[in-house]
Participant: 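Before I ask anything, let me first share the structure, which is written out below as structure tokens.
Note that ligands are numbered from 1 as they come in the structure, with each ligand's atoms numbered from 1 the same way.
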Amino acid sequence: MTDLIITKENQGVFTIILNRLDKKNALNNIMYKELGLHLNYAKNNDNIHCVLIHGDKNCFCAGNDLQDFIECSQDDSLAALDFIRILNAFNKPIVAAVAGATIGIGTTLLLHCDMVIAANNTKFKLPFTQLGLCPEAGSTLLLTRLIGQNRAFELLVLGNVFNAEQAKEYGIVNQVCQPNELLSIAEKTALAIASLPSDAVMTSRKLIRQATKSSLAQVIENEGDEFSRLVKTDACKEIMSMFFKR
Ligand code: COA
């Protein structure tokens, strides 16, 4: 592992810090590989209940390393794609804290997160077509579902810059704050998630994601199956029994 990605663990929260600030946290091939390894570690570690990802209070991520794209040859598979697959298959809540440059995959990865806190200095941009590329990371589905076809076109094809308040209005961001409050708010949010009963959180997260894929009838069945299972667990019974011991 390099120091381009730093991780730490605290009270069930696994924090992933993008640490390539001299390059505005542009993600290179090594960083994608390490991000994938860290997510797999978090997935397989029962003590981790939530992941927090951030850069610093002035920069989240300037997108893919453009030099790596330039050097990419016909036969190379893209490290970004492997990372996206791992991110999409991830099963625990992810909180992201963003600021400053939040570009390309720096924005599209947020569509896979569960809560996003943005500093009011954040500048989002999806400059895919401007670079001769097309949108990635499922953003044509995920963003279109959030804001509709026309506004998705504006952001994904025109590549207009948008700010934190707009991102909140679009439903990409949960909360906008001052840059110097960003990391503490995000940490508090991640700790609050991590302190909840983890099976219930992971199951609810799964249901939220399934709900957008399935028909309403199927969603009701999915919820019903998991509700019936959860209501029979010791953890759930313990919580409910506390109600009667007040
Ligand atoms: N890939 C590789 N290097 C990048 C990068 C990227 N995506 N984004 C920034 N950098 C590097 C710059 O080359 C520069 O390196 P240097 O100091 O060795 O010259 C350093 O990071 C600082 O960037 P700079 O452009 O000087 O900072 P800025 O504050 O003026 O602008 C950005 C910041 C993010 C707006 C600007 O760097 C930018 O537009 N980057 C490209 C974003 C992009 O198109 N990403 C791909 C999306 S698919």
Participant: At what distance is the nearest protein heavy atom to atom 41 (C) of ligand 1, and which residue and atom is it?
Facilitator: Leu66 CD1, 3.9 Å
Participant: Which residue from Lys23, Lys123, Glu136 reaches closest to atom 9 (C) of ligand 1 through any of its heavy atoms?
Facilitator: Lys23
Participant: Quick check: does any side chain N or O of Asn25 sit under 3.5 Å from a backbone N or O of Phe60, one acting as donor and the other as acceptor?
Facilitator: yes
Participant: Out of Ala26, Pro135, Cys61, whose heavy atom is nearest to atom 3 (N) of ligand 1?
Facilitator: Ala26
Participant: With distance as the sole test, does Asp68 use its side chain to make a donor-acceptor pair with the main-chain N or O of Asn29 at under 3.5 Å?
Facilitator: yes
Participant: Within the protein, is there a heavy atom lying under 4.0 Å from atom 36 (C) of ligand 1?
Facilitator: no
Participant: Going by heavy atoms, is Asn28 under 4.0 Å from ligand 1?
Facilitator: no
Participant: Can you confirm, on distance only, whether ligand 1 has an N/O atom lying under 3.5 Å from any N/O atom belonging to Gly63?
Facilitator: no
Participant: Considering only NZ, NE, NH1 and NH2 on the basic side and carboxylate oxygens on the acidic side, decide whether Glu154 and Arg151 come within less than 4.0 Å.
Facilitator: no
Participant: Residue-level breakdown please: for Ala62 versus ligand 1, do any non-hydrogen atoms fall below 4.0 Å on the side chain, on the backbone, on both, or on neither?
Facilitator: both
Participant: Tell me whether atom 6 (C) of ligand 1 lies less than 4.0 Å from at least one protein heavy-atom position.
Facilitator: yes
Participant: Geometry only, no angles: is Asn64 polar-contacting ligand 1 at N/O separations under 3.5 Å?
Facilitator: yes
Participant: Test of understanding: given a 4.0 Å heavy-atom threshold, classify the contact between Leu131 and ligand 1 as side chain, backbone, both, or neither.
Facilitator: side chain
Participant: Would you say the side chain of Met115 lies within less than 4.5 Å of the side chain of Ile193, judging by non-hydrogen atoms?
Facilitator: yes
Participant: Any idea which part of Ile103 is under 4.0 Å from ligand 1, heavy-atom wise: side chain, backbone, both or neither?
Facilitator: side chain
Participant: Can you find a protein heavy atom under 4.0 Å from atom 12 (C) of ligand 1?
Facilitator: no
Participant: If we count only non-hydrogen protein atoms and require a distance under 4.0 Å, does atom 27 (O) of ligand 1 qualify as touching the protein?
Facilitator: yes
Participant: Can you confirm whether some protein heavy atom lies under 4.0 Å from atom 16 (P) of ligand 1, or whether none does?
Facilitator: yes
Participant: Does the protein put a heavy atom less than 4.0 Å from atom 1 (N) of ligand 1?
Facilitator: yes
Participant: Out of Lys24, Gln130, Lys125, whose heavy atom sits nearest atom 22 (C) of ligand 1?
Facilitator: Lys24
Participant: Should Arg209 and Asp114 count as an ion pair when the cut-off is N to O under 4.0 Å?
Facilitator: yes
Participant: Taking the side chain as every heavy atom from C-beta outward, state whether Leu87 and Ile94 have any atom pair closer than 4.5 Å.
Facilitator: yes
Participant: Do any N or O atoms from the side chain of Asn19 and from the backbone of Asp3 form a donor-acceptor pair under 3.5 angstrom?
Facilitator: yes
Participant: Got a protein heavy atom sitting under 4.0 Å from atom 19 (O) of ligand 1?
Facilitator: no
Participant: I'd like to check Gln166 versus Phe124 (side-chain heavy atoms, cut-off strictly below 4.5 Å). Are they in contact?
Facilitator: no
Participant: At less than 4.0 angstrom from any non-hydrogen atom of Ala101, what atoms of ligand 1 do you find?
Facilitator: 34 (C)
Participant: Hey, is the main chain of Val116 close enough, under 3.5 Å, to the side chain of Asn174 for a donor-acceptor pair?
Facilitator: yes
Participant: Can any side-chain N or O of Glu34 pair as donor or acceptor with the backbone N or O of Thr2 at less than 3.5 Å?
Facilitator: yes
Participant: Is there side-chain contact between Asn91 and Lys206, with at least one heavy-atom pair below 4.5 Å?
Facilitator: no
Participant: May I ask you to list the atoms of ligand 1 that are less than 4.0 angstrom from any heavy atom of Asp22?
Facilitator: 20 (C), 21 (O), 22 (C)
Participant: Is the side chain of Asn45 donor-acceptor paired with the backbone N or O of Tyr41 at a distance under 3.5 Å, no angle test?
Facilitator: no
Participant: Please check atom 45 (N) of ligand 1 for a protein heavy-atom neighbour under 4.0 Å.
Facilitator: yes
